[in-house]
Q: 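Before I ask anything, let me first share the structure, which is written out below as structure tokens.
Letters A, B, ... are given to chains in the order of the sequence lines, protein chains preceding strands, and every chain is numbered from 1. Since this is a predicted model, take the numbers as computed values, not measurements.
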Number of protein chains: 2
Amino acid sequence: MIRVLVAEDHTIVREGIKQLIGLAKDLQVVGEASNGEQLLEGLRHIECEVVLLDISMPGVNGLEAIPRIRALNNPPAILVLSMHDEAQMAARALKVGAAGYATKDSDPALLLTAIRRVAAGGRYIDPDLADRMVFEVGLTDSRPLHSLLSEREFSVFERLAQGANVNDIAQQLALSSKTISTHKARLMQKLNITSLAELVKYAMEHKLV
Amino acid sequence: MIRVLVAEDHTIVREGIKQLIGLAKDLQVVGEASNGEQLLEGLRHIECEVVLLDISMPGVNGLEAIPRIRALNNPPAILVLSMHDEAQMAARALKVGAAGYATKDSDPALLLTAIRRVAAGGRYIDPDLADRMVFEVGLTDSRPLHSLLSEREFSVFERLAQGANVNDIAQQLALSSKTISTHKARLMQKLNITSLAELVKYAMEHKLV
DNA sequence: GTTCTCTGTAGGAATTGCCCTACACGGATG
DNA sequence: CATCCGTGTAGGGCAATTCCTACAGAGAAC
């Protein structure tokens, strides 16, 4: 019998998952938590083989909880369950010690498979996602992406984030708009984004504006 | 027996909800959909009393689907199920014809209650949320600028903030790109902004993304 | 009931930006 | 050295977007 602890903040989703797991005769939900603190507290007196973990929880979020779970003695395997099938997020989760990563989009049967896999000491990654990770992420996540930008690229980046368009920047820097366009394309590639909207989000999230 | 159709894009969440509903003897899931198109298609040959609708779905999203469901003859009651307990979002959903609004945070038992309530022709709003709606609507002497936007404008706004370009949106909404461009120009004028970057900033600052 | 304004829709002309390509230069790699 | 890679610079051509304009329907205003 594989004992599972479910950590997920949305009650209804959590209940749903418990029901799903309940369908398998070899799996059993032995505890639950709706935030990181509860989870860590729960693990102090509940023994289990697998923690099913939503990364986006309030307070101590899933990502932050992972290393702390791993620091316990005889830690359970961690299977991350995410709404977002972001390759970036998956890479970070695996890096800090998750044994698997599944998305809420995937087939429910796969979730059960994933739980069994990680309980047995193995790893599991959503197949679609694995594909994308290989392509998108060089699996080299460490320093902020924008540290890869050259001087010129960075200054174009800042101006774009502040609302300037390609022509404005060309004027400000006394360059051809074609040049700015090239810098823009290159910097977006480096930041792994495909739209100006994402650029602005990136800038705001990293407090670069 | 109350027949329910579940529209929710994340497979695992959808399955979970089906399990939950299955626990009640007077409720029965008679269909499901993972996007707005499937939902509308499904309603053409499936009869049901209640549609359980996630607002954040790809393609035709939940909010847009509501008026189209209401336009059917003998339409089912619509119970919106949302991740976000935003008062703003709830207000919009109710305005376009939803009979209830529950969040995934709420107690699963309440979900079943809510389904029964709307099936009987009543209304249901998550109690916490109702509280906040009264306060936020009542206490904000200066309504946000984006409350001036029309439905169409707002949906174009959201998509732009999420990184879609004019053509993407035109396709999603099956309109000319010129039309989208006009909506974009008008909404930007209303929001008093002049660039896409400012639009994204606005959206983030007001937690609309 | 006529007029006004807002909304949703879109066409043609004009602008802007993107994609692909190119090239020179400097530093790293071998 | 010879070569490769990253950077800064741009052009040509094509696609996306805006600008200006228009029109119809729905309510509001008077």
Q: Under 4.0 Å from a heavy atom of chain B: give me the 5'-most and 3'-most nucleotides of DNA chain C that qualify.
A: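 With heavy atoms of chain B under 4.0 Å away, the range is C:dT7 to C:dA13.
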Q: Pairs of donor and acceptor atoms involving the side chains of residues 18-27 of chain B, under 3.5 Å and at least two apart or interchain, shall be tabulated with distances.
A:
residue	atom	partner	partner atom	Å
B:Lys18	NZ	B:Glu15	OE2	3.3
B:Lys18	NZ	B:Glu32	OE2	2.5
B:Asp26	OD1	B:Arg116	NE	3.4
B:Asp26	OD1	B:Arg116	NH2	3.1
B:Asp26	OD2	B:Arg116	NE	2.6

Q: What residues form a side-chain contact (heavy atoms from CB on, under 4.5 Å) with A:Arg123, not counting sequence neighbours?
A: A:Leu94
Q: To the nearest angstrom, how far is A:Glu151 atom CD from D:dG6 atom C1'?
A: 14 Å
Q: Just to verify, what does A:Arg159 make a side chain to side chain donor-acceptor pair (under 3.5 Å) with, not counting sequence neighbours?
A: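 Result, side chain to side chain donor-acceptor pair (under 3.5 Å) vs A:Arg159: A:Gln172.
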Q: Who are the side-chain contact (heavy atoms from CB on, under 4.5 Å) partners of B:Ser177, not counting sequence neighbours?
A: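 Applying side-chain contact (heavy atoms from CB on, under 4.5 Å) to B:Ser177 gives B:Val166, B:Asn167, B:Ala170.
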Q: Is the shortest side-chain N to carboxylate O distance from B:Asp9 to A:Lys104 below 4.0 Å?
A: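 Not counted as a salt bridge, because no side-chain N and carboxylate O are separated by less than 4.0 Å.
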Q: Applying side-chain contact (heavy atoms from CB on, under 4.5 Å), name anything that partners B:Ala7, two or more places apart in sequence or on another chain.
A: B:Ala33, B:Leu39, B:Leu53, B:Met57
Q: My understanding is that only residues two or more places apart in sequence, or in another chain, count here; which of them pass side chain to side chain donor-acceptor pair (under 3.5 Å) with B:Glu49?
A: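 Residues passing side chain to side chain donor-acceptor pair (under 3.5 Å) with B:Glu49: B:Arg3.
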Q: If the condition is side-chain contact (heavy atoms from CB on, under 4.5 Å), which residues does B:Thr179 pass it with, not counting sequence neighbours?
A: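 For B:Thr179 the side-chain contact (heavy atoms from CB on, under 4.5 Å) partners, ignoring immediate neighbours, are B:Leu175, B:Ser176, B:His183.
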Q: To the nearest 0.5 Å, what is the distance between CD (A:Gln171) and CG (A:Asn165)?
A: 9.5 Å
Q: To the nearest 10 degrees, what angle separates the axes at the start and end of the helix from C:dG1-D:dC30 to C:dG30-D:dC1, five pairs each?
A: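 About 40°, once rounded to a multiple of 10°.
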Q: Name the pairs: protein N/O against N/O of nucleotides 14-21 of chain D, kept only if under 3.5 Å.
A:
residue	atom	partner	partner atom	Å
D:dA16	O5'	B:Asn167	ND2	3.4
D:dT17	OP2	B:Asn167	N	3.1
D:dT18	OP1	B:Lys184	NZ	2.5
D:dT18	OP2	B:Ser181	OG	3.1

Q: Excluding sequence neighbours, so at least two apart, what forms side chain to side chain donor-acceptor pair (under 3.5 Å) with B:Ser195?
A: B:Glu198
Q: So, does A:His183 get its side chain near the phosphate of D:dT9, meaning an N or O under 4.0 Å from OP1 or OP2?
A: yes
